Structure formats: structure tokens, C-alpha cells
Undergrad: 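Dropping a structure here in C-alpha cells format, bear with me for questions.
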Amino acid sequence: MRVKIKTTNFELTPAIDDLTAKKLLEPVERLIKKTDDKSDVIFDIELARTTKHHQKGLIWRAEAQLDLPGLKSVLRAEAMAGSLREAIDIVRGEILGEIKKYKEKTRVQG
């Protein structure tokens, strides 16, 4: 699996990198590990601070896109929240739900 993490309007620190790996990468890898290992899975993560001058409100955004083999479109999740941790948690729930739907469809078809 190829993983790309992009940040906008802030620096990616080791703590944020660890948080992203623990909250997003590990659960996604667990769910898709039984997918064909020879295929190339691309996982794009974007973390952003939507504004530089606001201090509170929905200023953090997280987005995850997963390109799985045999799928014409990508699985996508996006969330905005008051903290980066909240946004990552929301995206994790959404992307895991999308993966489960994908797996259910392939199980029914196959």
C-alpha cells in the first residue's frame, strides 16, 4: 500500500504523523490486508487547517481517499471539526464504513 500524507497551512510533526498512523493507517490496513496483495492500493490523506486567523470553530479538515483494485471510483471520506484529532476520528469512521460496504459488495458479487 502506498500512503501519501499532505498537510495544508501547518507543519506535519512526528506526533501528528504517529496519530495519523495509529488512527487511520492501521485500521485501514487491517481491513484491506486480505485484498489482493499483488495489487497496488493507494491511500491519500490530507490534513488541513482551513484558516490561519480563526482560533475556534470548524477550522480543521481531514480527508482520506482509498483507491482499491477493481473499483472504478475511489473510496472517500471528509470531515471538518474543532480539532485535528476529532476530524481524524470522524474520517476514520467514514472510511472504514466505506471499506466495509466495498467488501460486502464484492462478497455478494463473488
Side-chain angles (χ1 to χ4, degrees):
M1 179 162 72
R2 291 188 303 176
V3 178
K4 185 173 110 178
I5 299 175
K6 176 186 174 192
T7 59
T8 305
N9 293 330
F10 75 100
E11 292 293 322
L12 182 65
T13 63
I16 294 172
D17 194 32
D18 289 343
L19 176 72
T20 305
K22 183 177 147 190
K23 296 279 189 172
L24 277 175
L25 292 178
E26 291 173 7
V28 168
E29 284 178 339
R30 250 184 269 125
L31 273 181
I32 66 168
K33 70 180 174 185
K34 293 185 179 160
T35 309
D36 186 16
D37 292 333
K38 296 173 188 161
S39 61
D40 195 21
V41 176
I42 301 170
F43 191 36
D44 291 328
I45 301 168
E46 182 177 357
L47 307 172
R49 183 172 175 149
T50 58
T51 178
K52 290 185 177 184
H53 60 278
H54 290 100
Q55 298 299 315
K56 54 186 172 181
L58 302 178
I59 61 171
W60 292 98
R61 186 173 79 80
E63 180 182 327
Q65 290 187 6
L66 186 64
D67 190 4
L68 291 172
L71 204 61
K72 292 180 183 174
S73 60
V74 296
L75 301 179
R76 187 172 185 283
E78 182 178 5
M80 291 189 70
S83 74
L84 186 58
R85 183 179 295 270
E86 283 179 66
I88 289 172
D89 286 341
I90 294 168
V91 164
R92 181 187 67 213
E94 289 181 13
I95 198 73
L96 293 179
E98 292 289 322
I99 293 169
K100 289 175 185 175
K101 278 196 260 181
Y102 163 77
K103 288 177 81 171
E104 187 63 34
K105 282 182 183 178
T106 57
R107 187 178 354 209
V108 170
Q109 291 174 355

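Values below: every heavy atom of this structure, side chains too, minus hydrogens, waters and symmetry copies. Here the structure is a predicted model, which means the values were calculated and not measured.
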Undergrad: May I ask you to test the Ile45-Leu25 pair for a side-chain heavy-atom distance under 4.5 Å?
TA: yes

Undergrad: Could you see if Ile5 belongs to whatever hydrophobic cluster contains Val74? Use Ile, Leu, Val, Met, Phe, Trp, Tyr and a side-chain cutoff under 4.5 Å.
TA: no

Undergrad: Could you give me the CA-CA distance, side-chain angles and deciding distance for Glu98 and Lys101, then say whether salt bridge (charged side-chain N to carboxylate O under 4.0 Å, His left out) is met?
TA: CA-CA 5 Å; Glu98 292 289 322; Lys101 278 196 260 181; 3.5 Å; yes

Undergrad: Any side-chain heavy atom of Asn9 within less than 4.5 Å of one from Thr50?
TA: no

Undergrad: Show your reasoning for whether salt bridge (charged side-chain N to carboxylate O under 4.0 Å, His left out) applies to Asp44 and Lys6.
TA: CA-CA 8 Å; Asp44 291 328; Lys6 176 186 174 192; over 6 Å; no

Undergrad: Please report the interatomic distance CD(Glu63) to CE(Met80), rounded to the nearest 0.5 Å.
TA: 11.5 Å

Undergrad: Could you check whether atom CZ of Arg49 has more than 12 heavy atoms from other residues, nucleotides or ligands sitting under 6.0 Å from it?
TA: yes

Undergrad: With rounding to the nearest 0.5 angstrom, report the CE to CD1 distance, Met1 to Ile42.
TA: 11.0 Å

Undergrad: Report the distance from atom OG1 of Thr20 to atom CZ of Arg85, rounding to the nearest 0.5 Å.
TA: 10.0 Å

Undergrad: Compare every heavy atom of Ile59 with every heavy atom of Gly82, then report the nearest pair and how far apart it is.
TA: O-CG1, 4.5 Å

Undergrad: Measure the spacing between CG of Leu75 and NZ of Lys100 and express it to the nearest 0.5 Å.
TA: 13.5 Å

Undergrad: Just verifying a value: how many Å separate Leu58 CG and Thr51 OG1, rounded to the nearest 0.5 Å?
TA: 12.0 Å

Undergrad: Looking at every heavy atom in both Ala81 and Glu86, which two are closest together, and how far apart are they?
TA: CB-CB, 3.6 Å

Undergrad: Tell me the closest heavy-atom pair linking Thr8 and Glu46, and the distance in Å.
TA: OG1-OE2, 3.2 Å

Undergrad: Closest approach of Lys103 and Leu31, non-hydrogen atoms and distance?
TA: NZ-O, 2.9 Å

Undergrad: Please check this pair: side chain of Thr7 against backbone of Leu47, looking for a donor-acceptor N/O pair closer than 3.5 Å.
TA: no

Undergrad: Measure across Ile16 and Glu11 and return the closest heavy-atom pair with its distance rounded to 0.1 Å.
TA: CD1-O, 4.1 Å

Undergrad: Show the nearest heavy-atom pair for residues Pro27 and Arg92, with the distance to one decimal.
TA: CG-CD, 4.0 Å

Undergrad: Taking the side chain as C-beta and beyond, is there a heavy-atom pair between Phe43 and Ile32 under 4.5 Å?
TA: no

Undergrad: Begin from the C-alpha positions of Tyr102 and Leu66 and carry the test side-chain contact (heavy atoms from CB on, under 4.5 Å) through to its verdict.
TA: CA-CA 11 Å; Tyr102 163 77; Leu66 186 64; over 6 Å; no

Undergrad: Just verifying a value: how many Å separate Ile90 CD1 and Lys23 NZ, rounded to the nearest 0.5 Å?
TA: 11.5 Å

